[in-house]
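Report on the structure given below.
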Protein chains: 2
Amino acid sequence: MSAHTAIAAAQPNRFVPGYLAATMPQSVGGMPKAQRSPAADPLATIAQVKVIDREQSIFAEGDAADAIFRIVDGVIRLYKLLPDGRRQIIGFLQAGDMVGLAFAERYLYSAETVTACTVQRISRSQLDALLDAQPSLARKLLSVTTSELVAAQDQMLLLGRKTALEKLASFLLALSRRTDGNRAIALPMSRSDIADYLGLTTETVSRGFTKLKTSRLIRILDGGKVELLDHDALADLADCA
Amino acid sequence: MSAHTAIAAAQPNRFVPGYLAATMPQSVGGMPKAQRSPAADPLATIAQVKVIDREQSIFAEGDAADAIFRIVDGVIRLYKLLPDGRRQIIGFLQAGDMVGLAFAERYLYSAETVTACTVQRISRSQLDALLDAQPSLARKLLSVTTSELVAAQDQMLLLGRKTALEKLASFLLALSRRTDGNRAIALPMSRSDIADYLGLTTETVSRGFTKLKTSRLIRILDGGKVELLDHDALADLADCA
DNA sequence: CGAGGGTTTGAAGCAGCTCAAATGGAGTGG
DNA sequence: CCACTCCATTTGAGCTGCTTCAAACCCTCG
């Protein structure tokens, strides 16, 4: 079982339309897989399933936005680039998340797999038809999009005002929240992915991990997993200094 | 006529539900005021109008979120605070924008007037009733919320990966876009507001303005206005280095 | 005209970056 | 099973862009 599967398994049926920003800090109600009836998921019936290798592009910023994707398994990163190559990762997406711009001609960011992924592809026209046929869907999507906006605002606070160590602590806690508060969390993405998500360099991320390790706040486990040894201390770090 | 009125007049009927993030980089279609029929604005009929002084609180992070607000005139800032007082401004809002969390118990950020403002207050229960009565409203709100998310993602790129001067150039261009691309733009907010929006200090913002002035890219006008002398050069700065 | 606030400018410090090298771990082939 | 390669990660050392601290400037308003 690969690392990302562990994340995916704990992930409830999150549903994210349009732009998907930083999904990390979003708190989600836990609902066991068994309770999800297929009837409640009209998208599944029209989706086309694709399996994609790790580190592959799904679409790039500027491509015609003719489809949206829902992640069934695996981890995906969304990012924007500056002309000189500087990269900002907008979010890491997991099982249940949806990707793709709902109301624009072209994708405004790029999407790549971090791990091997299974995704559902839903064409734009099919989604539009579904929205027409089922007006309640829009309200549901509105609710989830609003949550995404909340997450994006948390990330703005992080990027604009937190120190490197505070950013790292926030990141780890957000991951922990996504996996139902588990102490051990999977980190399928590289240091450089984390750096580009937090507005840092890989070296600074690495030094931060070292500092958290020597402070006994975290412990590195096998398979790229991290154990949060002192949740409260990390929370203090994350919220402030 | 106060400075903010100039911004407001150029502002079409933007409509922003739920969390309102950085609205700056959002491009909006221009529609003259005369074409807006009151019938197309069901919110206006149930809204309670309030006039608020400059530098006043509208609501604070953590307050019960029992109403949303639509700005009729003036400029408002939304921000989040860290426990030690560091502030990140999430966005500046203007006429047409809506503020207030649609699907949470409490506001997740604070809102304050920058200039004197006129706002419409719509209670949460009234909005919910309106959404039930008029399902198409949800889809419209979804569209606009998605635009907000796009703006938030642009701001993440700015905060995480741009230099001080690039941030300033981006900010000025975004303001210019909001006022239909006018060369002269109003800056009703203080240096410290701008700093907290761009993840900088007031001193760095001030030095940036000075550098843009001596480079002949901008010119300071009366009444806190700024004229963009070289739009293209600013655009080069904003997108990259 | 004087007080009070925001803004600008100056000088010094430092958090995080850059450049560089060492370490380590996973995959590959002998 | 080991040797080797490759590349991500870690560590080190110096640098720099932004911050911090401080003071001067300047506008507005009473």
Side-chain angles (χ1 to χ4, degrees), chain A residues 2-3 53-55 77 82 84-88 114-116 158-171 186-215 218-226 237 240-241, chain B residues 2-3 53-55 77 82 84-88 114-116 158-169 171 187-215 218-226 237 240-241:
Chain A
S2 64
D53 255 6
R54 64 189 297 274
E55 298 294 330
R77 65 174 164 258
L82 287 173
D84 66 354
R86 278 173 289 174
R87 181 179 71 156
Q88 179 65 42
V114 175
T115 66
L158 178 146
L159 290 169
R161 287 299 176 215
K162 290 188 180 177
T163 67
L165 216 54
E166 290 166 4
K167 287 175 177 181
L168 255 187
S170 305
F171 175 67
L187 284 184
M189 66 292 287
S190 70
R191 293 286 180 270
S192 128
D193 282 343
I194 297 173
D196 285 348
Y197 182 59
L198 300 178
L200 301 169
T201 59
T202 58
E203 293 94 330
T204 302
V205 169
S206 179
R207 283 183 241 272
F209 271 112
T210 303
K211 194 168 279 183
L212 292 177
K213 271 185 281 185
T214 57
S215 313
I218 66 170
R219 198 158 62 95
I220 305 297
L221 306 178
D222 295 341
K225 288 195 171 178
V226 175
L237 246 185
C240 173
Chain B
S2 64
D53 255 7
R54 63 189 297 274
E55 297 295 329
R77 64 173 164 259
L82 286 172
D84 66 354
R86 279 172 288 175
R87 182 179 69 156
Q88 178 65 42
V114 175
T115 66
L158 178 147
L159 290 169
R161 288 298 177 217
K162 289 189 181 178
T163 68
L165 216 53
E166 290 166 3
K167 287 176 176 180
L168 255 187
F171 175 68
L187 283 184
M189 66 292 285
S190 70
R191 293 287 180 270
S192 126
D193 282 343
I194 298 173
D196 284 348
Y197 181 60
L198 300 179
L200 301 169
T201 60
T202 59
E203 293 94 330
T204 302
V205 169
S206 178
R207 282 182 241 272
F209 271 112
T210 303
K211 194 167 280 183
L212 292 178
K213 271 184 282 184
T214 57
S215 313
I218 65 171
R219 197 158 63 95
I220 305 297
L221 306 178
D222 294 342
K225 288 196 173 178
V226 175
L237 247 184
C240 174

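Each chain gets a letter, A, B and so on, in the order the sequences are listed, and its residues count up from 1. None of these values were measured; they are calculated from a predicted model.
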Rounding to a whole Å, what distance do you find between B/Lys167:NZ and D/dC18:P? 8 Å

Distance in angstrom units between B/Arg54 CZ and C/dG5 P, rounded: 13 Å

Specify the closest pair of heavy atoms between A/Ala164 and A/Leu200, including all atoms of both residues, with the distance to one decimal. CB-CD2, 3.9 Å

All heavy atoms of B/Val114 vs all of B/Arg54, minimum pair found to be O-CB, 3.5 Å

Find out whether A/Val205 and A/Tyr197 are in side-chain contact, i.e. whether some heavy atom of one side chain is under 4.5 Å from a heavy atom of the other. no

Where protein sits on nucleotides 23-30 of chain D, one letter per nucleotide: B base, S sugar-phosphate only, - none, heavy atoms under 4.0 Å: --------

If the test is side-chain contact (heavy atoms from CB on, under 4.5 Å), which one of A/Leu187, A/Thr204, A/Thr214 qualifies with A/Phe209? A/Leu187

Answer yes or no: is there a side-chain heavy-atom contact under 4.5 Å between A/Val226 and A/Leu221? no

A/Thr163 has its side chain closest, among C/dT7, D/dT19, C/dG16, to C/dG16

Output one line per pair: protein atom, nucleotide atom from nucleotides 10-14 of chain D, and distance, for all N/O pairs under 3.5 Å.
from   : atom 1 : to       : atom 2 : distance (Å)
D/dT10 : OP1    : A/Arg191 : NH2    : 3.4
D/dT10 : OP2    : A/Arg191 : NE     : 2.8
D/dT10 : OP2    : A/Ser206 : OG     : 2.9
D/dT10 : O5'    : A/Ser206 : OG     : 3.1
D/dT11 : OP2    : A/Thr210 : OG1    : 2.6
D/dG12 : N7     : A/Arg207 : NH1    : 3.0
D/dG12 : O6     : A/Arg207 : NH2    : 3.1
D/dA13 : N6     : A/Arg207 : NH2    : 3.3

Can you tell me the distance, in whole Å, between the CD1 atom of B/Ile194 and the P atom of C/dG6? 14 Å

Scan A/Gly208 against the nucleic acid and name what it touches under 4.0 Å (heavy atoms): base, sugar-phosphate only, or nothing. nothing

Between P of C/dG16 and NZ of A/Lys211, the distance in whole Å: 8 Å

To the closest 0.5 Å, what do you measure between CZ (A/Arg86) and CD (B/Glu166)? 4.0 Å

Separation of C/dG16 C1' from A/Lys162 NZ (nearest whole Å): 18 Å

Correct closest heavy-atom pair for B/Arg161 and A/Arg87 would be NE-O, 2.9 Å

Can you measure A/Leu212 atom CG to D/dT9 atom P for me and round it to whole angstrom units? 16 Å

Taking all non-hydrogen atoms of both residues, which atom of A/Thr115 and which atom of A/Pro188 are closest, and how far apart? CG2-CB, 3.6 Å

Taking 4.0 Å as the cut-off, does a side-chain nitrogen or oxygen of A/Thr201 come that near to OP1 or OP2 on C/dC17? yes

Where do A/Leu198 and A/Lys167 come nearest, in terms of heavy atoms and distance? O-NZ, 2.9 Å

To the nearest angstrom, the CZ-C1' distance between A/Arg86 and D/dG17 comes to 13 Å

If an axis is fit to five pairs at each end of the helix from C/dC1-D/dG30 to C/dG30-D/dC1, what is the angle between the two, to the nearest 10°? 30°

Interatomic distance, B/Arg161 CZ vs D/dG17 C1' [rounded to whole Å]: 15 Å

Has B/Ser215 got a side-chain atom pairing as donor or acceptor with B/Lys211's backbone, closer than 3.5 angstrom? yes

Interatomic distance, CG@B/Leu237 vs CG@B/Leu168, rounded to 0.5 Å, equals 9.5 Å

